[in-house]
Amino acid sequence: MMTSIDIFYGNFELEDILSDLISSAPVQRLKNVHQGGAVFFVSPHVSHSRYEHAIGVMLLVRKLGGSLEEQIAALLHDVSHTAFSHVIDYVLQKKGEDYHEQIFEQVIANSTIPAILTRHGFSTSLLEDPKYTLLEMPLPALCADRIDYTIRDLYHFGVINIVEVHDFLNELAVQNGKIGVKSEKAASWIANKYLQLNKEYFRKPEHIYVNTKFSELIALGLEKGIIILSDLWKDDPAVLSMIKSNPDLNSELQKIKSLDGFESFSVSGSAKTFKERILKPMVIDNT
């Protein structure tokens, strides 16, 4: 039995099915896929991975009493993210930022995951269950996925500290299978922090610049045949290696990393578009 450790959720002993899935190549690959795409080029301290997020969402679902099936779905929910996460959505002009969702079934089917699930008496059909309301809910509700990426991005970006994280997590509760908070204060805190994440992190001009320019660089690599689409199913170091192997692409990469051209960059003219994203957490009355 594996013990999983996370700075937010603590230590958990995991069932063999979760241990085997975590050890599998598709999940391990996520260790080398940056959560923030190319953001780490200009904000080196923001270098956390899709793996950390996947483990975090699984543990939060577990902490909140979710079934083993929902924990499995949580662990695997981002397994189809390509190298550099959402940067590839800009490359392929997926305005819904949902390329990883479009290829999810294909990635799962072509991996070792179905065999692992079968060995433990499960089917891939558990990944399609619409009743996983702890894992995913549409905005403006809370869900484990949204909570984890919000606090994880904010924490690594230096906006909140570990005490604030733990204080908020202690405010979480579940009612009718959905996540809420125990006080108006906690609801206001996470709603404001979510706005702050969108304004100061996602919409930070340097972050938009680097993700936009890096997506253009990958598109150029695809156009030149230096990168092929299936290469994007590898990981960040693999794609970076291909870019660095070509003098022209590597020269452009160095310009991006040094923010060369940032002064004349137009955020409004970039590949990144934003929707208004707000949270309105359910407040659970325990009286």
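This is a predicted model, so every value here is computed, not measured.
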*Hey, are the side chains of F265 and T212 touching, using non-hydrogen atoms and a 4.5 Å cut-off?*
yes
_With rounding to the nearest 0.5 angstrom, report the CG to CD1 distance, L172 to I147._
4.5 Å
*Just checking, is any N or O donor in the side chain of K199 or Q196 under 3.5 Å from an acceptor N or O on the other one?*
no
*Has E105 got more than 12 heavy atoms of other residues, nucleotides or ligands less than 6.0 Å from its CD?*
no
_Measuring from atom NZ of K178 to atom CG of L142, what distance do you get when rounded to the nearest 0.5 angstrom?_
12.0 Å
*Side-chain touch F84/L240, heavy atoms, less than 4.5 angstrom*: yes
_Does anything in residues 148-158 form a salt bridge (Lys or Arg N to Asp or Glu O under 4.0 Å)? List the pairs, not counting sequence neighbours._
D6-R152, D148-R152
*asked:* Looking at every non-hydrogen atom in both residues, tell me the closest pair between L64 and L134 and how far apart they are.
replied: O-CD1, 4.2 Å
*ring pair (Phe, Tyr, Trp, His ring centres under 6.0 Å): pairs with one or both residues in residues 243-264, sequence neighbours excluded*: Y209-F262
*Hey, what's the ring geometry for H156 with H48, parallel, tilted or perpendicular (30° and 60° as the breaks)?*
parallel
*Verify whether the ring centers belonging to Y90 and F214 lie closer than 6.0 Å.*
no
*Do N161 and E164 have side chains that get closer than 4.5 Å, going by heavy atoms?*
yes
*Heavy-atom side-chain contact between L197 and V159 under 4.5 Å*: no
*asked:* Do F8 and I151 make a side-chain contact, defined as non-hydrogen atoms from C-beta onward lying under 4.5 Å apart?
replied: yes
*Are E15 and R62 ion-paired here, with the side-chain N under 4.0 Å from a carboxylate O?*
yes
*Atom of V27, atom of L21 and distance for their closest heavy-atom approach*: CG2-O, 3.2 Å
*asked:* Please determine whether residues L60 and Y155 belong to a single hydrophobic cluster, defined as Ile, Leu, Val, Met, Phe, Trp and Tyr linked transitively by side-chain heavy-atom distances below 4.5 Å.
replied: yes
*Donor-acceptor side-chain pairing of D20 and H120 below 3.5 angstrom*: yes
_Using the rule given for side chain to side chain contact (heavy atoms under 4.5 Å, CB included), can you reason through D89 versus Y99, listing the C-alpha separation, both sets of side-chain angles and the distance that settles it, and then say yes or no?_
CA-CA 6 Å; D89 288 308; Y99 182 63; 3.1 Å; yes
*Residue pair Y194 / R146, side-chain heavy-atom distance below 4.5 Å*: yes
*Give a yes or no on whether the ring-centroid distance for H86 and H81 is below 6.0 angstrom.*
yes
_Main-chain N/O of P114 paired to T118 side chain as donor or acceptor, under 3.5 Å_ = yes
*Looking only at non-hydrogen atoms, find the nearest pair between S85 and V33 and report the distance.*
OG-CG1, 3.5 Å
*asked:* Under the criterion side chain to side chain contact (heavy atoms under 4.5 Å, CB included), I'd like the reasoning laid out for R29 against K234: C-alpha separation, chi angles, the key distance, then a yes or no.
replied: CA-CA 8 Å; R29 182 186 71 89; K234 296 175 182 177; 5.8 Å; no
*Give the cluster check for L127 versus M137: same hydrophobic cluster or not, with ILVMFWY residues linked at side-chain heavy-atom distances below 4.5 Å.*
no
*Would you mind reporting whether L126 and Y132 have side-chain heavy atoms less than 4.5 Å apart?*
yes
_Step-by-step side-chain hydrogen bond (donor to acceptor under 3.5 Å, both in side chains) determination, Q254 to N250_ = CA-CA 6 Å; Q254 301 313 313; N250 187 49; 3.1 Å; yes
*Below 4.5 Å, heavy atoms only, C-beta onward: do P26 and Q28 meet side chain to side chain?*
no
*asked:* Within the supplied structure, the quantity of interest is the number of heavy atoms (other residues, nucleotides, ligands) at a distance under 6.0 Å from N176 CG; does it exceed 12?
replied: no
_salt bridge (charged side-chain N to carboxylate O under 4.0 Å, His left out) against K204, all qualifying residues, sequence neighbours excluded_ = E206
_Taking the six-membered ring of Y51 as reference, does the cationic atom of K31 (NZ for Lys, CZ for Arg) lie under 6.0 Å from its centre and within 45° of its axis?_
yes
*Can you spot which of H53, E136, H100 makes a side chain to side chain donor-acceptor pair (under 3.5 Å) with H77?*
H53
*Is the F202-H207 ring centre distance short of 6.0 angstrom?*
no
